[in-house]
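Down below is the structure, laid out as structure tokens.
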Amino acid sequence: MRLSELIGERYKEKPADCTIESHALMVRGGYIKQVNTGVYTLLPPARRITHKIERIIREEMDAIGGQEVLFPVVLPADLWKESGRFTSVGKELVRLTDRMGADMVLGMTHEEAAVHLARDAAKSYAKYPFMIYQIQTKFRDEPRARGGLIRVREFTMKDAYSFHTTQADLEAYYERCYAAYERIFKRAGCKNVIAVLSDSGMMGGKIAHEFMLLTDIGEDTLVLCDNCGYKANIEACASVVDNTSLSDTEELTLVPTPGMATIEEVAGFLKKPHNATCKAVVYQKNDDDGYVISFLRGDLEIHETKLRNAVGAEIHAGSVTPESGIVAGFIGPMGLDTKKITVVFDRSLEGIGALVCGANKADHHYTGFNIERDYGKVAYADVARAIPGGICPVCGKPALRIENGIEVGNIFQLGEKYTRSMDMQYLDENGALQYPTMGCYGIGVGRLAASVCEESHDEYGPLWPITIAPWEAQICVLRADQEEPKRVGEELYAALTKAGVETIIDDRTVSAGVVFSEADLIGAPIRLTVSPRNLVNGMVELTTRDKRVKKQIPVSETLAAVLELKAQLFAEIEGVL
RNA sequence: CGGGGUGUAGCGCAGUUUGGUAGCGCGUUUGGUUCGGGACCAAAAGGUCGCUGGUUCAAAUCCAGUCACCCCGACCA
């Protein structure tokens with residue numbers, strides 16, 4: 001490729017509206033151009049990167065027995081009605097009608113399509129197990145796209161679906177896919193990726209992992225145990241606390257607490273620690289606005305997804321009206337109308353005594369509140385956020401650490417959710433009808449590209465790993481207006497290209513500053529600088545984008561040196577070739 | 001969907017308070033001088049000032065509505 005002919009320009013200034021580095025660099029470098037909120041055109045450099053990522057994914061999926069297919073983007077709503085998701089999924093599923101008025105959907109994920117294919121193709125146990133996958137454009141009408149390719153509405157995704165006759169077989173395959181994912185991220189040069197336990201969300205099923213790139217700009221919150229290595233999305237992490245030191249025999253007492261409406265104020269006023277208070281958080285159900293009040297220990301916070309799961313309904317932050325009978329700031333368990341209000345007690349209150357809680361009466365709290373003694377037996381739920389330094393739900397040590405991550409891939413054990421709802425059955429060895437069990441496995445291709453950029457860049461541009469770099473080598477010709485540098489540059493370009501090195505040559509007659517700045521934005525890991533200064537001695541300069549290598553090479557030995565460096569850079573990422 | 005912000009040339013912005021010929025930097029085109037980290041000089045091209053309506057002799061500027069985009073939150077395989 002000649003930079004003089006490459007479509008798209010590179011910008012000196014940081015574009016407005018770019019708040020994260022990978023987004024800014026990919027716009028500045030001429031990788032992406034926004035068309036709409038969360039909708040981008042990929043220019044050649046980005047497309048070359050995603051092609052390479054897709055190739056790695058294909059190799060690894062094929063290596064675990066995957067068979068590539070291509071499902072339709074537009075699917076009949078009937079399939080989604082079968083699975084129940086036509087109504088259960090929110091507005092992120094785009095629904096439309098065709099000219100005959102038939103309901104259609106844009107496929108945001110393809111479990112239904114996979115079952116549609118597989119239920120006719122796998123009626124005998126002898127066909128199992130098998131995995132089918134595709135790499136395809138998805139459209140999800142996200143409520144809020146952001147961050148360039150990190151979170152978009154239209155994107156390319158690899159989605160895979162496996163079918164099994166036993167749970168054990170699914171689990172064994174799940175492990176193979178887990179290992180394949182680790183290889184994919186390693187080969188793509190995405191270094192700091194970990195697998196965490198996840199909440200299965202709308203996908204259904206039980207066991208699920210998300211592959212997370214650890215980064216401060218990540219949208220997901222992760223809980224990691226420094227003691228035992230437990231890793232989970234905070235949505236899936238049990239909040240464990242130790243209340244044994246807080247129990248006592250204090251009497252239930254109504255005390256005036258004028259104007260003390262927050263935990264901070266009440267605890268200060270009564271000279272109690274925050275973890276000896278009972279906090280109330282008000283939500284409302286989305287469907288009928290019914291109140292949900294959750295009680296938890298005063299030093300903790302609610303995790304809404306966990307509360308949503310506990311309540312079993314969609315909820316939103318509640319607004320307390322005078323008619324509700326709820327006394328904001330003084331809400332407590334004692335005397336609440338549980339016929340009208342759904343009450344959820346967090347596990348952090350279990351076994352605790354001598355609590356301070358609201359009295360459901362303005363300017364009053366109780367002290368000495370003991371749930372079991374004063375209120376009665378309750379079923380506790382886990383609805384609090386895990387906290388830094390908190391107790392690990394697996395090893396029991398207070399060694400939890402909180403980090404942020406970008407979800408670059410996920411794997412789910414779906415179970416029979418879709419095969420049952422869509423009536424997919426096979427005949428087993430005994431001639432009996434059985435439902436197969438499923439797994440599904442996703443990777444966002446563009447998000448992975450942006451994640452690598454986010455992880456590996458400097459102030460001048462991306463530091464692409466050679467495995468996915470848009471070009472492996474870039475020839476920077478300084479003084480392309482002069483005969484000799486121009487000729488040598490062209491000769492090297494021809495030689496490298498012929499030798500299978502993906503090369504882009506900057507053959508423009510622009511100043512050295514422009515040549516180097518734009519080369520940094522393009523981020524080819526190998527750089528050859530051809531200049532009159534070096535050619536005086538018959539040399540060219542061979543460098544790596546990250547500056548680890550910087551040496552003068554005789555022109556005649558350049559090709560061999562580049563091939564050696566290329567092999568070395570590949571080996572660093574993929575191991576011995 | 002709630003809160004905040006922004007829409008003026010390909011990109012970054014000024015001009016809006018106080019209505020009066022649409023500007024600056026980068027980029028682009030042409031000519032010349034430079035030449036190893038975003039050079040310099042000269043000339044030039046490029047804009048329905050997001051859109052609609054209103055007020056006015058006159059609207060980028062004032063008023064009303066509307067659309068789009070960005071950020072925070074909600075939401076999210």
Side-chain angles (χ1 to χ4, degrees), chain A residues 7-20 23-24 27-28 30 33-39 85 89-93 107-111 138 140-148 150-153 155 157-161 198-205 208-211 219-220 233 235 283-284 286 304-305 308 314-319 407-412 414 417 439-444 447 459-461 476-482 485 506 508-521 527 529-536 540-541 543 547 550:
Chain A
I7 192 75
E9 58 183 311
R10 287 146 302 283
Y11 301 96
K12 186 172 171 180
E13 291 173 278
K14 178 178 172 176
D17 301 336
C18 292
T19 53
I20 69 174
H23 183 195
V27 172
R28 281 189 54 207
K33 180 175 171 65
Q34 182 170 6
V35 179
N36 200 321
T37 301
V39 178
R85 289 205 295 186
V89 174
K91 285 170 127 176
E92 57 271 24
L93 175 64
M108 56 189 289
T109 171
H110 280 76
E111 283 75 12
K138 298 275 189 285
R140 297 184 184 179
D141 197 1
E142 295 284 351
R144 191 171 158 216
R146 70 194 105 175
I150 296 291
R151 182 169 201 78
V152 288
R153 294 195 296 171
F155 57 101
M157 182 178 181
K158 184 282 297 178
D159 46 323
Y161 307 91
S198 73
D199 179 51
S200 54
M202 77 166 188
M203 303 301 293
H209 286 84
E210 291 162 339
F211 287 79
E219 297 183 301
D220 286 281
N233 193 310
E235 296 170 4
Y283 287 87
Q284 285 177 278
N286 283 7
E304 281 195 26
T305 302
R308 183 170 295 112
E314 289 298 308
I315 52 167
H316 60 274
S319 57
E407 182 186 347
V408 289
N410 55 41
I411 53 178
F412 288 86
L414 289 174
K417 174 181 159 99
C440 76
Y441 318 88
I443 291 179
R447 180 184 285 186
E459 60 185 302
Y460 304 109
C476 295
V477 180
L478 305 186
R479 301 308 306 270
D481 57 318
Q482 292 184 7
D506 190 347
R508 301 171 302 170
T509 55
V510 293
S511 74
V514 173
V515 170
F516 290 132
S517 299
E518 298 201 2
D520 287 344
L521 282 169
R527 180 178 304 175
T529 305
V530 180
S531 67
R533 188 212 276 176
N534 293 330
L535 285 175
V536 167
V540 297
E541 186 176 285
T543 54
K547 305 287 193 281
K550 181 167 185 172

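Keep in mind that what you see is a predicted model, and the values were worked out from it rather than measured. In what follows, every chain begins at residue 1, and chains take the letters A, B, ... in the order their sequences are listed.
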Is [X] close enough to [N] that one of its side-chain N or O atoms is under 4.0 Å from OP1 or OP2 there?
{"X": "Thr37(A)", "N": "rC70(B)", "answer": "yes"}
{"X": "Ser511(A)", "N": "rA39(B)", "answer": "yes"}
{"X": "Gln34(A)", "N": "rC70(B)", "answer": "yes"}

[atom1] atom, [N] versus [M]: distance in rounded Å?
{"N": "rA59(B)", "M": "rG46(B)", "atom1": "C1'", "result": "24 Å"}
{"N": "rG73(B)", "M": "rA64(B)", "atom1": "P", "result": "31 Å"}
{"N": "rA45(B)", "M": "rG25(B)", "atom1": "P", "result": "15 Å"}
{"N": "rC71(B)", "M": "rC63(B)", "atom1": "C1'", "result": "28 Å"}
{"N": "rU28(B)", "M": "rC62(B)", "atom1": "P", "result": "35 Å"}
{"N": "rC13(B)", "M": "rA68(B)", "atom1": "P", "result": "22 Å"}
{"N": "rG20(B)", "M": "rC67(B)", "atom1": "P", "result": "30 Å"}
{"N": "rG47(B)", "M": "rA60(B)", "atom1": "C1'", "result": "11 Å"}

Regarding [X], tell me which of base, sugar-phosphate or nothing describes its non-hydrogen contacts under 4.0 Å with the strands shown.
{"X": "Tyr283(A)", "value": "nothing"}
{"X": "Glu219(A)", "value": "nothing"}
{"X": "Leu521(A)", "value": "base"}

ask   = Between the side chains of Thr543(A) and Glu541(A), is a donor N or O closer than 3.5 angstrom to an acceptor N or O?
value =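 Judged by distance alone, the side chains do not pair up.
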Rounded distance (Å) that lies between atom [atom2] of [N] and atom [atom1] of [X]:
{"X": "Arg153(A)", "N": "rC69(B)", "atom1": "CZ", "atom2": "P", "value": "7 Å"}
{"X": "Glu142(A)", "N": "rC69(B)", "atom1": "CD", "atom2": "C1'", "value": "17 Å"}
{"X": "Phe516(A)", "N": "rG37(B)", "atom1": "CZ", "atom2": "P", "value": "7 Å"}
{"X": "Asn534(A)", "N": "rG37(B)", "atom1": "CG", "atom2": "P", "value": "13 Å"}
{"X": "Leu478(A)", "N": "rC35(B)", "atom1": "CG", "atom2": "P", "value": "13 Å"}
{"X": "Lys12(A)", "N": "rG37(B)", "atom1": "NZ", "atom2": "C1'", "value": "11 Å"}
{"X": "Lys91(A)", "N": "rA74(B)", "atom1": "NZ", "atom2": "P", "value": "18 Å"}
{"X": "Arg508(A)", "N": "rU29(B)", "atom1": "CZ", "atom2": "P", "value": "11 Å"}

Would you call [X] and [Y] a side-chain contact if the rule is heavy atoms closer than 4.5 Å?
{"X": "Asp506(A)", "Y": "Phe516(A)", "answer": "no"}
{"X": "Glu111(A)", "Y": "Lys417(A)", "answer": "no"}
{"X": "Val27(A)", "Y": "Cys18(A)", "answer": "yes"}

Look through every strand shown and name the nucleotide pairing with [N] as Watson-Crick or G-U wobble, where both distances are under 3.5 Å.
{"N": "rA68(B)", "result": "rU6(B)"}
{"N": "rA58(B)", "result": "none"}
{"N": "rG27(B)", "result": "none"}
{"N": "rG19(B)", "result": "none"}
{"N": "rA14(B)", "result": "none"}

Nearest 0.5 Å, please: how far is [atom2] in [Y] from [atom1] in [X]?
{"X": "Thr109(A)", "Y": "Met157(A)", "atom1": "OG1", "atom2": "CE", "value": "6.0 Å"}
{"X": "Met108(A)", "Y": "Lys138(A)", "atom1": "CE", "atom2": "NZ", "value": "10.0 Å"}
{"X": "Glu235(A)", "Y": "Asp220(A)", "atom1": "CD", "atom2": "CG", "value": "6.5 Å"}

ask   = Would a distance-only check, ignoring hydrogens and angles, find a side-chain to backbone donor-acceptor pair under 3.5 Å from Arg28(A) to Tyr11(A)?
value =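 Confirmed, Arg28(A) side chain pairs with Tyr11(A) backbone.
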Out of [options], which has the shortest distance to the side chain of [X]?
{"X": "Glu9(A)", "options": "rG10(B), rA39(B), rC69(B)", "value": "rG10(B)"}
{"X": "Glu304(A)", "options": "rA39(B), rG36(B), rA74(B)", "value": "rA74(B)"}
{"X": "Glu13(A)", "options": "rC11(B), rC35(B), rG38(B)", "value": "rC11(B)"}
{"X": "Arg527(A)", "options": "rA39(B), rG37(B), rC75(B)", "value": "rG37(B)"}
{"X": "Arg146(A)", "options": "rG37(B), rC71(B), rG36(B)", "value": "rC71(B)"}
{"X": "Arg479(A)", "options": "rA74(B), rC35(B), rG36(B)", "value": "rC35(B)"}
{"X": "Pro143(A)", "options": "rA74(B), rC69(B), rG37(B)", "value": "rA74(B)"}
{"X": "Lys547(A)", "options": "rG36(B), rG37(B), rC75(B)", "value": "rG37(B)"}

query = 5'-most contact on RNA chain B: Asp220(A) or Ala512(A), nearest heavy atom basis?
reply =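 Result: Ala512(A).
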task = Would you kindly compare Glu210(A) and Ala16(A) by the position of their nearest RNA chain B nucleotide and give the one closer to the 5′ end?
result =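 The answer here is Ala16(A).
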ask   = Any donor-acceptor pair under 3.5 Å joining the side chain of Asn36(A) to the base of rC69(B)?
value =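 It does not, because no donor-acceptor pair links the side chain of Asn36(A) to the base of rC69(B) below 3.5 Å.
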inquiry  = Please determine whether any donor N or O and acceptor N or O are separated by less than 3.5 Å between the side chain of Arg28(A) and the base of rG38(B).
reply    =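 Check passes, donor-acceptor contact within cut-off.
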